Amino acid sequence: MSEARAAQERAAAVAGSQPPLSRGDNPLARAIGRLPARVHTKLLVAFVGTAVLVVAVGVLGLRVLGQSNDRVARLGALQERALAYGKLKSAAFNVRLLLAETVGQDVPVRVTPPSGRTRSAFDQAVVDFLARIRPATLVDELGFDPPPEDEAVLRRIRAKSGRLSTVMGKIVESDNRGASARDQVPLRQRAELLAVDLNQLAAILANATTAKTEDLIAQNASSYASSRNLFIGVAAGAIVLALLLGFVLSWSLIGPIQRIDSRLAAIASGDFSGRVDVTNRDELGALAANANRMNDELRRLYNELEAASRHKSEFLANMSHELRTPLNAIIGFSQVLRERMFGEVNEKQAEYLDDIISSGNHLLSLINDVLDLSKVEAGQVELEVAPFSLREALERGVVMVRERATQDGVRVALAADPDIDVVEGDERRIRQVIFNLVSNAVKFTPAGGAVDVSAVQMNGEVRVAVTDTGPGIDPEDQERIFEEFQQTEAGVEQREGTGLGLALSKRLVELHGGRIWVESELGKGSKFTFALPAGSR
Amino acid sequence: MAASRVLIVEDNGKNMKLFRDVLQATGYETLEATTGRQAIELAAGHAPDLVLMDIRLPDIDGMEALSLLRADERTASIPVLALTAQAMDGDRERLLGAGFDGYISKPVNVVEFLGVVRQHCEGWRR
């Protein structure tokens with residue numbers, strides 16, 4: 001029973017040294033555990049939840065991408081407008097430059113006319129540039145829809161360029177007439193003024209559009225940045241949420257499993273005192289409830305067994321006591337008579353008294369052996385293992401039988417290896433085995449025979465052998481004699497043994513983790529050997 | 001020299017007869033008690049030289065009787081031997097550990113029994 005108690009203490013020590021299940025005790029995990037749903041459902045919800053988060057992140061990404069596309073398209077349109085207005089501006093600028101050259105007045109840039117070009121060639125170039133301006137102001141010709149404020153400016157450009165065309169028409173006509181430059185000065189001054197206006201209007205238009213483009217680019221950059229940040233934020237949030245969901249759900253499962261596991265480990269080592277604390281309302285809750293029921297049932301059975309075992313011990317103790325009490329009177333009174341304390345007894349009476357005394361002693365050893373054996377069978381024999389001198393135990397065993405051996409004319413010799421001395425074991429039990437084997441040997445050896453006791457150390461075990469020159473044992477009987485109440489014919493004739501000595505010796509040796517066997521041949525004596533693991537016990 | 005006086009505490013009549021007759025035949029005076037309480041009374045009143053104490057007794061057991069004897073200064077120094085059929089593993093150690101001065105298991109060997117009694121009575125006288 002003390003083994004079970006030791007196991008309980010071990011289990012308690014293990015439970016005490018275990019780290020607290022902090023993550024499993026997380027209140028969130030516990031709350032998830034308390035949800036009245038099956039594990040299957042909880043896992044499904046968790047996976048669907050995670051999937052929804054992934055989809056949400058995807059949708060947001062697509063939206064951000066769409067916005068970015070829109071902005072690129074708007075920027076494209078604006079750039080197209082800027083390009084068209086740029087051409088307009090450059091044509092107007094050329095017109096102004098050319099006119100400034102031909103007028104010869106102060107102009108911002110001096111363009112040197114290629115040599116040999118006539119005034120009329122300049123004028124013709126102006127007319128050509130003017131021809132390009134007009135279509136560039138028509139909404140239909142532009143290829144895009146200009147905003148209303150642009151349309152107003154475009155109309156004014158068209159009007160100015162129309163008036164400039166009229167003036168240029170007159171100049172070209174006077175060129176053709178061969179009019180002098182001086183005559184043309186008033187016309188050219190008017191043309192010059194118109195060209196300045198035209199140039200200004202075109203520049204306003206182009207510059208405004210360029211400014212808008214730059215605005216849009218800046219705006220795009222900032223809204224891209226904010227979209228990106230939103231996306232990263234939502235994605236990170238989704239990851240954190242999914243991890244949290246997984247963490248909480250898995251700990252709502254792992255926590256109970258760990259608690260059930262540690263309880264089962266405790267039960268396995270014989271501790272039935274605890275209960276599993278699992279609040280889950282799912283399969284794990286049911287498992288914990290079953291573990292608790294199993295625990296209670298095992299505890300009940302264990303207590304019953306313990307009580308039964310205790311009853312058996314008490315029964316054996318009572319039986320021993322009750323049998324010894326009348327034996328005391330039987331043997332005692334016989335001895336009193338045999339010792340002639342109250343007068344003479346005749347020879348026959350003395351012989352009968354000896355018979356009563358030896359039968360009484362036989363009965364006593366039978367009682368002792370039966371009780372010993374039942375205790376071994378009931379697992380109630382606890383070996384008191386300690387180092388002891390095997391040599392001394394052997395010497396004592398030999399001394400105990402020497403008187404009987406001398407009476408019977410049997411020589412007893414002990415030969416132990418010099419290195420045989422201290423072994424580990426229950427000294428009293430080993431002595432019991434040695435005495436049993438040696439006294440058996442003396443009992444069965446006829447006068448003039450010899451009993452040799454030897455001890456050797458080999459193959460990691462200590463072997464004690466008792467060899468006699470007795471009648472030997474039939475091979476058929478060699479197994480049987482280690483069983484209870486099984487004796488050889490010679491043993492039955494002897495009427496001395498209980499038939500329990502070898503059975504008990506076998507149990508005791510086996511309790512030490514050792515073994516016992518016999519080698520014998522009819523008519524040539526027997527050799528009983530027992531081996532104990534050296535140092536292991 | 002007066003004969004040694006031995007108090008026998010034994011609830012079994014036949015065993016009582018055996019111990020009493022053997023002791024008387026060997027020259028001891030005997031006192032007989034069949035219960036623990038009776039033993040304490042007799043020990044206090046008659047100052048025996050030795051007490052032979054059975055362990056299983058009808059009222060208080062031998063261990064309790066021993067501690068009562070030891071608690072009373074009139075009887076505290078009387079040697080007390082356990083004389084019992086409790087002879088399982090550990091009984092001898094248990095009883096000697098409880099303070100008995102000796103241990104004799106039943107069934108007794110009459111010769112050895114007398115030897116032990118004599119030894120304790122002489123020890124007491126010395």
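Fair warning: this is a prediction, and the values are worked out from it, not measured in the lab. The sequence lines fix the lettering, A, B, ..., with proteins before strands; numbering per chain opens at 1.
Annotation: side chain of P107(B) is not in contact with side chain of I330(A) (no heavy-atom distance under 4.5 Å).
There is no contact between F113(B) and chain A, counting heavy-atom distances below 4.5 Å. Of the atoms belonging to L83(B), not a single heavy atom falls under 4.5 Å from chain A. With a 4.5 Å cut-off on non-hydrogen atoms, I357(A) does not touch chain B at all.
With a 6.0 Å radius and a threshold of 12 heavy atoms from other residues, nucleotides or ligands, Y352(A) has its OH atom at or below the threshold. Within 6.0 Å of CZ in F315(A) there are 12 or fewer heavy atoms belonging to other residues, nucleotides or ligands. Open room surrounds CD on E347(A); 12 or fewer heavy atoms of other groups in view lie less than 6.0 Å from it. Surrounding CE of M400(A) are at most 12 heavy atoms belonging to other residues, nucleotides or ligands under 6.0 Å away.
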Write out the donor-acceptor pairs between chain A and chain B under 3.5 angstrom, atom names and distance to 0.1.
residue: N318(A); atom: OD1; partner: R56(B); partner atom: NH1; Å: 2.7
residue: N318(A); atom: OD1; partner: R56(B); partner atom: NH2; Å: 2.9
residue: R324(A); atom: NH1; partner: K106(B); partner atom: O; Å: 2.8
residue: T325(A); atom: O; partner: N15(B); partner atom: ND2; Å: 3.2
residue: N328(A); atom: OD1; partner: V108(B); partner atom: N; Å: 2.8
residue: N328(A); atom: ND2; partner: N15(B); partner atom: OD1; Å: 2.9
residue: A329(A); atom: N; partner: N15(B); partner atom: OD1; Å: 3.2
residue: Q335(A); atom: OE1; partner: V110(B); partner atom: N; Å: 2.7
residue: R428(A); atom: NH1; partner: D89(B); partner atom: OD1; Å: 3.4
residue: R428(A); atom: NH2; partner: D89(B); partner atom: OD1; Å: 3.1
residue: R428(A); atom: NH2; partner: D89(B); partner atom: OD2; Å: 3.2
residue: R429(A); atom: NH2; partner: D89(B); partner atom: OD2; Å: 2.5

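Shown here for M88(B) and L371(A), the closest heavy-atom pair between the two residues is SD-CD1, 3.8 Å.
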